[in-house]
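By convention here, the first residue in the shown sequence is residue 1.
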Amino acid sequence: MHTDVNTLFDNLWQNYLTVTPSADKIHDLLGSTQKDDIINDHIALRTFNIEKVGLEKLAAHFLAIGYKECGEYHFEAKKLYAKHYEHSDPTQPKVFISELLVEKCSPELQAIVTDMVAQIDESAVTADNFLYSGTHWQVSTDTYKKLLAESEYAAWMSAWGYRANHFTVNINTLAKFDNIHDVNQALKDAGFALNTSGGEVKGSPEVLLEQSSTLADEYAVTFSDGDMRIPSCFYEFAIRYPKPDGEIYTGFVAASADKIFESTNARLL
Ligand code: NI
């Protein structure tokens, strides 16, 4: 496991950029003259609740570099469970890790996922690069489509595996923007498509968090029977509000996160 928080995030970011070319352009659009002035509010990772690779196995990589467990979230319709983690340095991204509750899915999905996970080397899970190691298996386009029909989340994992599902710009710290509506307008003016599930803006000042996101880029995946272009990763934008005690809210809003998951849905043209 990495021992330096910046090294881990640099690797996650580079790996994310390889399949999310729009992220670099959005970085340029929202940042000021210096490229490094964007602070990430959080990143998100996905997995399955199978012991070998469960949420806690991913979390161990963050606990090892000073993160603490903070909140938990349930997404019943999508059959997901999630926790979020925070670092003592508030400029480090929060980490949102979700897992698919495999036993609640169909026997067919369970068999496919069990077979995928069985192909992961036990030692790979604690290796430095596990969180950006991609897939440890190769499924067919037919299997991908079968998973997609039941769980977009499972299908995304079958194609992309372990990597940051999204990075999130912290709007509070941007020099050029002070609200989410202007960020969304700038993105649309530049030709980026936003996730409109549940509205362009998820959440509100009343729940202390507003979020929006692009629709995932499309990128070619090499399946066992050929290449196919599918949604990869997306960029999210978050603005946080102070609690009654004056401290900025650092948690997540399940109803909003539920809609953000849909940013990797196939585009409806
Ligand atoms: Ni997010």
Side-chain angles (χ1 to χ4, degrees), residues 1 11-12 15-16 18-20 43-62 72-83 95-166 216-234 257-258 260-266:
M1 294 189 199
N11 278 288
L12 283 162
N15 171 262
Y16 165 78
T18 60
V19 300
T20 322
I43 66 155
L45 298 157
R46 295 179 173 185
T47 190
F48 303 108
N49 73 335
I50 292 176
E51 172 68 21
K52 191 180 187 179
V53 294
L55 191 163
E56 304 294 344
K57 294 290 169 66
L58 276 62
H61 288 260
F62 294 99
E72 63 163 3
Y73 311 89
H74 297 272
F75 304 94
E76 288 197 10
K78 291 186 172 70
K79 299 172 179 158
L80 301 174
Y81 174 69
K83 286 184 178 178
V95 175
F96 184 92
I97 308 175
S98 58
E99 62 182 10
L100 180 67
L101 307 176
V102 177
E103 76 282 0
K104 298 196 177 207
C105 302
S106 72
E108 194 173 26
L109 181 146
Q110 290 185 39
I112 295 167
V113 169
T114 301
D115 181 59
M116 280 159 42
V117 171
Q119 294 177 59
I120 304 175
D121 217 51
E122 199 84 51
S123 64
V125 179
T126 53
D128 279 4
N129 73 344
F130 181 62
L131 300 178
Y132 48 93
S133 61
T135 54
H136 298 244
W137 53 77
Q138 194 174 40
V139 299
S140 66
T141 53
D142 189 47
T143 299
Y144 171 79
K145 287 174 188 165
K146 237 180 247 167
L147 291 174
L148 195 57
E150 179 172 348
S151 164
E152 187 280 329
Y153 186 104
W156 188 91
M157 276 300 295
S158 79
W160 299 110
Y162 295 95
R163 59 177 63 244
N165 168 265
H166 60 271
D217 282 4
E218 290 205 335
Y219 209 81
V221 170
T222 302
F223 291 92
S224 60
D225 55 340
D227 286 6
M228 184 165 66
R229 286 179 73 81
I230 61 163
S232 55
C233 303
F234 60 92
D258 187 72
I260 294 280
F261 278 119
E262 297 172 15
S263 306
T264 49
N265 284 4

Residues, nucleotides or ligands: over 12 heavy atoms within 6.0 Å of Q119 CD: yes
Is it the case that atom NZ in K52 sees more than 12 heavy atoms from other parts of the structure closer than 6.0 Å? yes
Kindly indicate whether the side chain of [X], heavy atoms from C-beta on, has any atom under 4.5 Å from the side chain of [Y].
X    : Y    : value
L131 : L12  : yes
V221 : M228 : no
F223 : I230 : yes

Partners meeting salt bridge (charged side-chain N to carboxylate O under 4.0 Å, His left out) with E51 (sequence neighbours left out): K57
Do the side chain of [X] and the main chain of [Y] share a donor and acceptor less than 3.5 angstrom apart?
X    : Y    : answer
H61  : N129 : no
D225 : T141 : yes
K79  : C105 : no
Q138 : T222 : yes
T114 : A111 : no
E99  : L55  : yes
Y219 : T18  : yes
Y153 : T47  : yes

List the steps, then state whether side chain to side chain contact (heavy atoms under 4.5 Å, CB included) holds for R46 with Y162. CA-CA 7 Å; R46 295 179 173 185; Y162 295 95; over 6 Å; no
Within this structure, what is the OG1-CG distance for the pair T20 and N165, rounded to the nearest 0.5 Å? 9.0 Å
Could you tell me the separation between the CZ atom of F130 and the CG atom of L45, rounded to the nearest 0.5 Å? 9.5 Å
Taking all non-hydrogen atoms of both residues, which atom of [X] and which atom of [Y] are closest, and how far apart?
X    : Y    : value
S232 : W156 : O-NE1, 2.5 Å
Y16  : A164 : CD1-O, 3.7 Å
L147 : L109 : CD2-CG, 3.8 Å
A159 : T135 : O-CG2, 3.5 Å
F48  : A154 : CE2-CA, 4.3 Å
S158 : Y144 : OG-CD1, 3.7 Å

Would M116 and V139 count as a side chain to side chain contact (heavy atoms under 4.5 Å, CB included) if you check the C-alpha gap in whole Å, the side-chain angles of each, and the deciding distance to 0.1 Å? CA-CA 8 Å; M116 280 159 42; V139 299; 4.0 Å; yes
Residues in side chain to side chain contact (heavy atoms under 4.5 Å, CB included) contact with N15, at least two apart in sequence or another chain: Y132, R163
Do E262 and K78 meet the salt-bridge criterion of a basic N to acidic O distance under 4.0 Å? yes
Do the side chains of E56 and K83 get close enough for a salt bridge, i.e. N-O under 4.0 angstrom? yes
Among F234, F261, W160, find the one that has a ring-ring contact (aromatic ring centres under 6.0 Å, His included) with H166. F234
Start with the C-alpha gap between I260 and F96, add the side-chain angles, then the distance that decides, and say whether side chain to side chain contact (heavy atoms under 4.5 Å, CB included) holds. CA-CA 12 Å; I260 294 280; F96 184 92; over 6 Å; no
Side chains of D142 and S140: is there a donor and an acceptor less than 3.5 Å apart? no
Could you walk me through whether Y81 and L101 satisfy the side chain to side chain contact (heavy atoms under 4.5 Å, CB included) test, starting with their C-alpha distance in whole Å, then the side-chain angles of each, then the deciding distance to 0.1 Å, before giving a yes or no? CA-CA 7 Å; Y81 174 69; L101 307 176; 3.9 Å; yes
